[in-house]
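Chain identifiers are assigned alphabetically (A, B, ...) following the order of the sequence lines, protein sequences preceding nucleic acid strands; residue numbering begins at 1 within each chain. Bear in mind the structure is a predicted one, so any value in this text is a computation, not a measurement.
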Amino acid sequence: MTSSAVALHDLTAGYGSRAAIHHVTGEFALGSLTAIVGPNGSGKSTLLKTIAGLLTPMSGECSRSRKALAYLPQISELDRDFPARVRDLVTLGLWQRRGLLDRHLAEDRARVEDALFQVGLEGFGHRPLDSLSGGQLQRTLFARVLVQDAQLILLDEPFNAIDDKTIRDLTALIQHWNAEGRTVLTVAHDLALVRAHFPQTLLLARRAVAWGPTSEVLTEANIARTRTFQEAWDEDAPWCAPDAAWRAA
Amino acid sequence: MMWDLLVAPFTEFAFMQRALAGALMLSLSACPVGVFLMLRRMSLTGDAMAHAILPGAAAGFLIYGLEIWPMTLGGLVAGAVVAVGAGAVARLTVQHEDASMAALYLISLSVGVVMVSLRGSTVDLMHVLFGTVLALDDAALKLIGLVLVVTALAFGIFWRALVAECLDPLFLRSVSGMGTVVHFGFLALVVLNLVAGFQALGTLLAVGLMILPAAAARFWTQAVLPMVALAVLIGAASSAGGLLLSYHFSLPSGPSITLSAGAIYLLSVLAGPRGLLVPRLPRRNHRTA
């Protein structure tokens with residue numbers, strides 16, 4: 001029995017021959033609440049995509065339990081013009097429980113209504129998606145995560161362009177999940193928010209600059225080290241060993 | 001008398017009954033497919049696929065004459081090659097599906113025209129392009145019925161996945177590997193229904209009964225299931241109306257059916273609650289919240 005929810009072993013992942021995260025090793029403990037912090041282009045979204053299984057590692061390993069996870073992407077492919085209602089979108093979260101063909105039971109419908117209540121959208125079930133504000137849509141997506149009832153939850157910049165009240169409500173929800181023993185990974189930019197609510201932090205700049213208790217990770221020295229991070233690809237970046245010799249030949 | 005005008009043509013002539021039966025089955029089958037094509041912003045893909053099946057149907061026609069199975073098989077093969085090819089290029093390279101689909105259907109269409117011109121006449125070409133709904137034989141009706149059954153089963157089984165793939169494809173990928181299967185399965189349904197449709201309406205207009213009723217239904221409702229039901233109703237009404245127009249005024253039947261659907265579409269654009277006029281009516285009151 002392992003005590004980690006996700007274990008990264010020398011993980012490199014990216015697009016084409018460009019590594020967005022480079023030889024990262026470490027683990028997210030079961031039931032931990034971690035903020036993933038770093039400059040734009042530092043590999044935060046790539047890491048979550050790799051953990052979610054949407055991206056295959058270029059080398060190294062990313063292992064996690066076979067149990068279902070809930071993943072909330074930063075750039076959604078959600079079609080807001082699709083003629084669906086808030087309830088329909090939240091109901092998608094039943095997939096892991098009911099799959100393609102199992103009937104949705106009364107308890108499932110109750111679960112959906114309860115999730116809407118918990119995110120403060122009681123009575124919004126019948127609203128068309130294209131009538132929602134940005135904050136309401138994010139609450140709706142959090143309700144879907146609630147319905148998914150996953151032990152591992154990945155949230156990619158859930159607080160982008162969201163007002164303070166919504167951030168407070170959603171942060172409370174994240175802490176509630178953590179209190180229930182779920183493992184939560186959240187990409188965030190607001191360091192004050194991270195210091196206040198996230199016990200663990202992974203500071204990323206293509207590689208793991210620091211990883212551990214938030215107070216030890218978010219030091220001036222560490223943050224300064226990420227400032228020198230170059231987002232742009234270096235066209236002449238050296239090939240990473242061991243096949244550098246082969247490339248040069 | 002109304003009876004003579006609307007009902008008698010169908011009770012008195014067997015060929016009209018067959019045409020009506022074929023067109024109604026097509027409406028039941030193709031209109032729901034059209035709704036999802038439209039909602040996925042793939043309406044023009046339907047049009048492209050209709051062109052793409054031409055060389056296959058033409059090959060069957062040129063080798064075996066007006067035999068239903070060779071033409072059907074040829075159309076299916078050509079459609080599948082273009083659909084899978086375009087989908088593969090889109091999923092595996094930088095190019096999006098609109099461009100890869102356009103490229104492959106143009107290749108397919110020109111192959112078809114070259115083949116017909118090598119051996120055949122313009123009469124043959126017209127036959128393949130515009131179909132013969134008034135000459136549907138038992139084999140053609142059986143084929144349309146079969147396609148209807150397959151389509152209904154596919155919708156019954158994959159409805160939830162199809163809605164998820166339209167609404168939030170990335171979510172579906174994060175919980176299940178079914179997204180790709182659903183995408184290609186849906187394209188297969190499109191090809192199947194176009195092949196069924198070209199017996200009656202020809203390759204050019206088979207897509208009409210698929211897209212026009214769906215596009216019209218979009219203006220009246222804001223939920224998927226009612227939209228599907230309404231599209232089927234519009235398709236059925238266009239079929240019956242088009243056949244009557246064709247009978248009374250000696251018009252070609254395929255274009256008459258498509259034009260009837262087109263008329264309902266234009267009416268819906270103007271009068272539908274989500275159309276051109278109704279949302280712009282001056283309102284005297286607004287709610288405070």
Open item on the list: So which atom in Leu39(B) and which in Pro83(A) form the shortest heavy-atom distance, rounded to 0.1 Å?
Closed with: CD2-CD, 3.4 Å
Open item on the list: Just checking Leu44(B): does its CG atom have more than 12 heavy atoms from other residues, nucleotides or ligands closer to it than 6.0 angstrom?
Closed with: no
Task: For Val175(B) against Gln148(A), the heavy-atom pair lying closest together - done: CG1-NE2, 3.6 Å
- [ ] Tell me, for Asp130(A) versus chain B, whether the close heavy atoms (under 4.5 Å) come from the side chain, the backbone, both or neither.
- [x] side chain
Open item on the list: Let's test your reading of the structure: which of Leu78(A), Leu69(A), Leu72(A) forms the most heavy-atom pairs below 4.5 Å with chain B?
Closed with: Leu78(A)
TODO: Examine whether an atom of Leu129(A) lies under 4.5 Å from a heavy atom of chain B, and if so say whether it belongs to the side chain, the backbone or both; otherwise answer neither.
DONE: side chain
Task: Residue part contacting chain B, namely of His104(A), when any heavy atom lies under 4.5 Å - done: both
TODO: Evaluate side-chain contact (heavy atoms from CB on, under 4.5 Å) for Val224(B) paired with Phe82(A), printing each intermediate quantity in order.
DONE: CA-CA 9 Å; Val224(B) 183; Phe82(A) 190 84; 3.5 Å; yes
Task: Closest contact, heavy atoms only, Leu170(B) versus Leu54(A) - done: CD1-CD1, 4.0 Å
- [ ] Look at the side chain of Arg160(B) and the backbone N and O of Leu92(A), then say whether any donor-acceptor pair between them is shorter than 3.5 Å.
- [x] no
Task: Intermediate values then yes/no, side-chain contact (heavy atoms from CB on, under 4.5 Å), Trp95(A) and Leu172(B) - done: CA-CA 9 Å; Trp95(A) 188 282; Leu172(B) 184 62; 3.9 Å; yes
Task: Least distance between heavy atoms, Asp168(B) atom then Arg144(A) atom - done: OD2-NH1, 2.9 Å
TODO: Working to the nearest 0.5 Å, report the span between CZ of Phe171(B) and CG of Leu141(A).
DONE: 10.0 Å
- [ ] Please step through side-chain contact (heavy atoms from CB on, under 4.5 Å) for the pair Asp88(A) and Val163(B), ending with a clear verdict.
- [x] CA-CA 9 Å; Asp88(A) 301 326; Val163(B) 168; over 6 Å; no
Open item on the list: Check this for me: Phe155(B), atom CZ, are more than 12 non-hydrogen atoms of other residues, nucleotides or ligands nearer than 6.0 Å?
Closed with: yes
Task: Nearest heavy-atom neighbours spanning Asp79(A) and Arg41(B) - done: OD2-NH1, 3.2 Å
TODO: Sort Arg218(B) into side chain, backbone, both or neither according to what part of it lies under 4.5 angstrom from a heavy atom of chain A.
DONE: side chain
Open item on the list: Looking at chain A, which one of Cys166(B), Ala164(B), Gly156(B) has the largest number of heavy-atom pairs inside 4.5 Å, strictly under?
Closed with: Cys166(B)
Task: Distance (rounded to the nearest 0.5 Å) between Gln96(A) CD and Ser174(B) OG - done: 7.0 Å
